[in-house]
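Keep in mind that what you see is a predicted model, and the values were worked out from it rather than measured. Start at 1 and go down the list; that is how both ligands and their atoms are numbered.
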Amino acid sequence: MKTLTVALERRSYEIHIGSGLLAGAGAAVRAVCPRAGRLFLVTDSHVAPLYARKLEESLTGAGFEVARHVIPAGESSKCAGQLSELWEQMMDVPLTRTDAVIALGGGVVGDLAGFAAATVLRGVDFIQIPTTLLAQVDSSVGGKVAVDLKAGKNLAGAFWQPKLVLMDTDTLATLPDSTFADGMAEVIKYGCIRDREFFDFLRARPSRAEIMAEIEPVLYTCCDIKRQVVESDERDTGERMLLNFGHTLGHAYELAGHYETWTHGQAVAAGMAAACRVGVTLGITPPEVPGQVEEALAALGLPTAIPCARDNYAAAVGRDKKGEGEDISLILLAELGRAIPHKMPKAALLELL
Ligand code: NAD
Ligand code: GLY
């Protein structure tokens, strides 16, 4: 098992990465929640039949009473209706302020359960047990929790750091290939923005089997980069924006496909490739970089270009959180392994696209 510590003073926590960790979850949770009697376990309809029982056995073995709540799998569950349902169920249990909420699943379960934990009884302890590659390398670390609104994704949320992140690499075995590839888009992103050596390591392993053979160091490297970024900018006012490499244009592609044609990972992959090409046009990104990034993405079956109308680009650029009035800070690669924010007029970016 590998362990990382996210150092955020009183909100510090450990990330445990390894094979077979679900079986030892009870002891690990007990160590961080010594006074808890009850645990409210949130999972989804795909993950529950695969892993909930094993986790519950370990938790009850450590003396916890466990209440399980299963949400329908999919992004549409990350909504205010499900959040309200969770609050009511938590009070029925009843959960008290010394108890805790556990998320077992992908980013949808983690974001929803985390927001419920942040708000119920004005905040109770929260444990992340991520089971998708995307959740393990990104959403379970850093404390962003949210639900979607009609106006857009993640528009109601909070920063609520978990007490522990426990990632059992065995759970990745049951992921569909396309869901695994979605997570790989974010894995490749870390290499692009922060670690050239890691990018080359990934390029030399262009298949799911080769990545899985090295999954512990892959997860460790990604979580370590995210840890550093979160420690220096917990509230997302500066450096944390670099994690959005590929996401501004990715949002345009998600919109172009009405959030159905393209998954988030596919859209981010094409967004990173497009940001590399824009960077070359602006004289910021070296000309050989787009080809190298496209090769790494394509090897995992990820798209490197998605057709997109100007309206969709305009909507995504206009709404981007890195926008300041008429300008936007687009995240570009100064070189492979080093991302920078590049402030430019939104209109100029739209012309380029
Ligand atoms: P997801 O949670 O919908 O999971 C994808 C699919 O995989 C679902 O059908 C799920 O049921 C299934 N699944 C999960 N684990 C499985 C397993 N081990 N075996 C088989 N199937 C499994 O999606 P995701 O890609 O994990 O997360 C996407 C969400 O994460 C989005 O809502 C996004 O906004 C959010 N997100 C949040 C952050 C953050 O910092 N909080 C960062 C990135 C993304
Ligand atoms: N996933 C982006 C962030 O955590 O800031």
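- Residue contacts with ligand 1, taken as heavy atom pairs separated by less than 4.0 Å, do not involve H247 at all.
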Solution key, residues 86-95 side-chain donor-acceptor pairs under 3.5 Å, sequence neighbours excluded:
| from | atom 1 | to | atom 2 | distance (Å) |
| --- | --- | --- | --- | --- |
| W87 | NE1 | T119 | OG1 | 3.1 |
| Q89 | NE2 | E85 | OE2 | 3.4 |

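- Residue-to-ligand polar distances place H46 within reach of ligand 1: an N/O pair is separated by less than 3.5 Å.
- At a 4.0 Å heavy-atom cut-off, ligand 1 touches E75 through the side chain alone.
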Exercise answer: donor-acceptor pairs, residues 342-350 side-chain atoms, under 3.5 Å, sequence neighbours excluded:
| from | atom 1 | to | atom 2 | distance (Å) |
| --- | --- | --- | --- | --- |
| K343 | NZ | E324 | OE1 | 3.0 |
| K346 | NZ | G325 | O | 2.9 |

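- Ranking the protein heavy atoms by distance from atom 44 (C) of ligand 1 puts L134 CD2, 3.6 Å first.
- Between E335 and R196 there is no salt bridge, since no side-chain nitrogen of the basic residue lies less than 4.0 Å from a carboxylate oxygen of the acidic one.
- The closest protein non-hydrogen atom to atom 15 (N) of ligand 1 is T131 OG1, 2.7 Å.
- Polar contact with ligand 1: absent for V145 (N/O pair, distance under 3.5 Å).
- Heavy-atom separations between D111 and ligand 1 include at least one value shorter than 4.0 Å.
- Of all protein heavy atoms, the one lying nearest to atom 20 (C) of ligand 1 is T174 O, 3.2 Å.
- At a heavy-atom cutoff of 4.0 Å, ligand 1 is contacted by both the backbone and the side chain of V108.
- Nearest to atom 33 (C) of ligand 1 by heavy atom, out of K78, Q136, K144, is K78.
- The only member of T171, T131, D170, T174 that meets side chain to side chain donor-acceptor pair (under 3.5 Å) when paired with Y51 is T174.
- Near ligand 2, residues D138, K144, K226, R240, L243 each place a heavy atom inside the 4.0 Å sphere around the ligand atoms.
- The neighbour count for E326 CD, taken as heavy atoms of other residues, nucleotides or ligands under 6.0 Å away, does not exceed 12.
- Using bins of under 30°, 30° to 60° and over 60° for the plane-to-plane angle, the ring pair H251/H247 lands in the perpendicular bin.
- Distances from ligand 1 to the non-hydrogen atoms of Q128 include no value under 4.0 Å.
- Defined by atom type and a distance below 3.5 Å, a donor-acceptor pair is missing between the side-chain atoms of D182 and S178.
- At a threshold of 4.0 Å, the pair K189-E186 counts as salt-bridged, since one of the basic side-chain nitrogens sits closer than that to a carboxylate oxygen.
- In this structure, atom 16 (C) of ligand 1 lies nearest to the protein heavy atom L175 CD2, 3.4 Å.
- At a heavy-atom cutoff of 4.0 Å, ligand 1 is contacted by the side chain of N154 but not by its backbone.
- Scored by the salt bridge (charged side-chain N to carboxylate O under 4.0 Å, His left out) test, E254 finds no partners at all (sequence neighbours excluded).
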